[in-house]
Participant: 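If you scroll down you'll find the structure; I have some questions about it.
Just so you know, ligand 1 is whichever comes first in the structure, and atom 1 is the first atom listed for that ligand.
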Amino acid sequence: MGLSPGLLASLRALGLEPRLDEPLARLGYWRIGGPADAFVEVHTASQLEALLGLGEPLTVLGNGSNLLVADAGIRGLTVRLLGELREARIEGAEAWVGAGLLNTVLLSRLARAGRGGLGCLAGVPGTVGGAVRMNAGTALGEIGPRVREVELALPGGGRARLPGEALSFGYRSASLPEGAVVLRVRLSLLDEAEAVRAEQESMRRHLEHRKATQPLDLPSCGSVFRNPPGQAAGRLIESVGLKGERRGEACISDKHANFIVNLGGARAMDVHELVLLARDRVWQETGHRLQPEVHAVGDWPQGRWPLPEPP
Ligand SMILES: Cc1cc2nc3c(=O)[nH]c(=O)nc-3n(C[C@H](O)[C@H](O)[C@H](O)COP(=O)(O)OP(=O)(O)OC[C@H]3O[C@@H](n4cnc5c(N)ncnc54)[C@H](O)[C@@H]3O)c2cc1C
């Protein structure tokens, strides 16, 4: 699908060169999904602000590590953050970090500077913006309590700064204003040597544990479902006998049943079928209601997302 000549001209006037019908599967962790009508790489906060000012439908990609892109792809603009939106400035026990910076890069920058505090992101393969949007975390904590302030680009144009508390962080959730894009985040750090060392050691043990228990050798999006209170979604899915279940080339992992892995050419609809199967079987046999943690984006056939009510 094309963009109108007027929109193309507006993008070019902003110094942006959209790539039309850009395949997205290579950008997402699942390696699944169709093309973006127009894929735009944005290098500055001002460009992103102006882009939102155009009032076009816009999907923001972090590192695509929690996204299920529809087989038909994404209509409108799909945006990725680069350039100054990947920079980090560390000052004392705080850092201003661009939302497009990868968590792994942030963690190594902090380690080199003798700082810590973001050990909760060890093994989370996303960007800092995606981590804020998802309130990403692990057994070592969540990013939410470390967020002092966020700078946002707002739909329709303009920017806002909000204190971390305004985002009401919850389990894998944050309340951002509808359609807002995180530009930068001010994070509080650890700067005391002993605490930083202890965190490094916890991260090392945590990463070893993940390697032993998660299917990290195949494309996936990590945990497909949120854990219900007091329960592990993976154990519930395993308890109803769904480990190894396949639809097309998508498979509920034998190693960790809350992971759906792509064995080769899985389609988004294959994953959707497994998500429904797991959700409904767990509901019928255990009475626990699983809620997806992955975000489905793009042009899905009607009625697929949000998931239909269980039978
Ligand atoms: C192997 C593996 C292991 C994982 N383990 C964990 C884990 O332990 N803990 C955990 O929490 N997650 C885990 N995840 C899931 C995923 O890494 C996190 O949810 C991560 O925070 C997503 O970040 P991202 O940059 O990839 O965002 P994406 O997946 O690209 O996007 C996720 C959502 O955030 C939105 N978004 C992205 N950037 C911005 C922005 N700048 N402003 C506004 N919205 C934005 C997107 O539009 C989308 O709605 C895992 C994933 C994989 C593949």
Side-chain angles (χ1 to χ4, degrees), residues 24 27-33 36 42 45 48 51-52 57-69 74 77-82 85-86 97-106 118-144 147 150-155 159-160 162 167 169-185 203 206-207 209-211 213-227 233-234 253 255-256 258-262 292-298 305:
L24 290 176
L27 293 178
Y29 257 72
W30 242 324
R31 303 277 178 262
I32 289 178
V42 173
L48 189 55
L51 192 61
L52 280 165
L58 184 145
T59 304
V60 57
L61 276 191
N63 203 28
S65 64
N66 199 48
L67 285 182
L68 182 57
V69 177
I74 303 181
L77 305 174
T78 300
V79 174
R80 190 161 65 150
L81 313 183
L82 300 173
L85 299 170
R86 290 198 168 186
V97 182
L101 191 70
L102 292 172
N103 299 330
T104 45
V105 177
L106 174 63
L118 273 304
C120 60
L121 297 182
V124 181
T127 59
V128 172
V132 169
R133 172 68 186 80
M134 299 302 304
N135 191 17
T138 63
L140 303 183
E142 295 172 333
I143 192 171
V147 176
V150 288
E151 187 184 6
L152 304 171
L154 298 173
R159 290 191 212 179
L162 292 180
L167 270 57
F169 288 107
Y171 172 48
R172 300 294 170 267
S173 73
S175 30
L176 291 175
E178 183 71 30
V181 178
V182 181
L183 294 169
R184 280 186 268 259
V185 189
M203 283 163 61
H206 173 72
L207 288 173
H209 176 72
R210 291 172 79 98
K211 227 164 143 187
T213 55
Q214 298 182 353
L216 301 180
D217 50 339
L218 286 169
S220 81
C221 247
S223 294
V224 170
F225 295 101
R226 299 177 154 95
N227 291 322
S253 167
K255 197 165 180 183
H256 190 313
N258 200 17
F259 280 56
I260 294 177
V261 292
N262 181 359
E293 179 173 320
V294 298
H295 284 194
V297 291
W305 296 97

Participant: Provide, line by line, the atom pairs where ligand 1 and the protein bring an N/O atom each to a distance under 3.5 Å; else say none.
Facilitator:
unit_1   : atom_1 : unit_2 : atom_2 : d
ligand 1 : 5 (N)  : R210   : NH2    : 2.8
ligand 1 : 8 (O)  : R210   : NH1    : 3.0
ligand 1 : 8 (O)  : R210   : NH2    : 3.1
ligand 1 : 9 (N)  : G137   : O      : 2.7
ligand 1 : 11 (O) : G137   : N      : 3.0
ligand 1 : 11 (O) : G137   : O      : 3.4
ligand 1 : 11 (O) : R172   : NE     : 3.1
ligand 1 : 17 (O) : S65    : OG     : 2.7
ligand 1 : 21 (O) : G130   : O      : 3.4
ligand 1 : 25 (O) : N63    : N      : 2.9
ligand 1 : 25 (O) : T127   : N      : 2.8
ligand 1 : 25 (O) : T127   : OG1    : 2.7
ligand 1 : 26 (O) : N63    : N      : 3.2
ligand 1 : 26 (O) : G64    : N      : 3.3
ligand 1 : 26 (O) : S65    : N      : 2.9
ligand 1 : 26 (O) : S65    : OG     : 2.6
ligand 1 : 29 (O) : S65    : N      : 3.1
ligand 1 : 29 (O) : N66    : N      : 2.7
ligand 1 : 30 (O) : G62    : N      : 2.7
ligand 1 : 30 (O) : N63    : N      : 3.4
ligand 1 : 30 (O) : G64    : N      : 2.8
ligand 1 : 41 (N) : V182   : O      : 3.1
ligand 1 : 42 (N) : V182   : N      : 2.9
ligand 1 : 47 (O) : V60    : O      : 2.7
ligand 1 : 49 (O) : H295   : ND1    : 2.7

Participant: Going by side chain to side chain donor-acceptor pair (under 3.5 Å), name the residues that satisfy it together with R210, two or more places apart in sequence or in a different chain.
Facilitator: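 If we apply the side chain to side chain donor-acceptor pair (under 3.5 Å) test to R210, skipping adjacent residues, the hits are H206.
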
Participant: Using modelled atom types and a 3.5 Å cut-off, is there a donor and acceptor pairing between side-chain atoms of R226 and backbone atoms of P292?
Facilitator: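 Such a contact is found between R226 side chain and P292 backbone.
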
Participant: Enumerate the residue pairs fulfilling salt bridge (Lys or Arg N to Asp or Glu O under 4.0 Å) with a member in residues 126-141, sequence neighbours excluded, ordered by first and then second residue.
Facilitator: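 Salt bridge (Lys or Arg N to Asp or Glu O under 4.0 Å) check on residues 126-141 returns no pairs.
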
Participant: Just to verify, what does F259 make a ring pair (Phe, Tyr, Trp, His ring centres under 6.0 Å) with, not counting sequence neighbours?
Facilitator: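 Partners of F259 under the ring pair (Phe, Tyr, Trp, His ring centres under 6.0 Å) test: H256.
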
Participant: side-chain contact (heavy atoms from CB on, under 4.5 Å) for L183 and L152? Distances and angles first, verdict last.
Facilitator: CA-CA 5 Å; L183 294 169; L152 304 171; 5.9 Å; no

Participant: Evaluate the side-chain contact (heavy atoms from CB on, under 4.5 Å) criterion for residues L27 and R80: first the C-alpha distance (whole Å), next the side-chain angles of each, then the deciding distance (0.1 Å), finally the verdict.
Facilitator: CA-CA 10 Å; L27 293 178; R80 190 161 65 150; 3.7 Å; yes

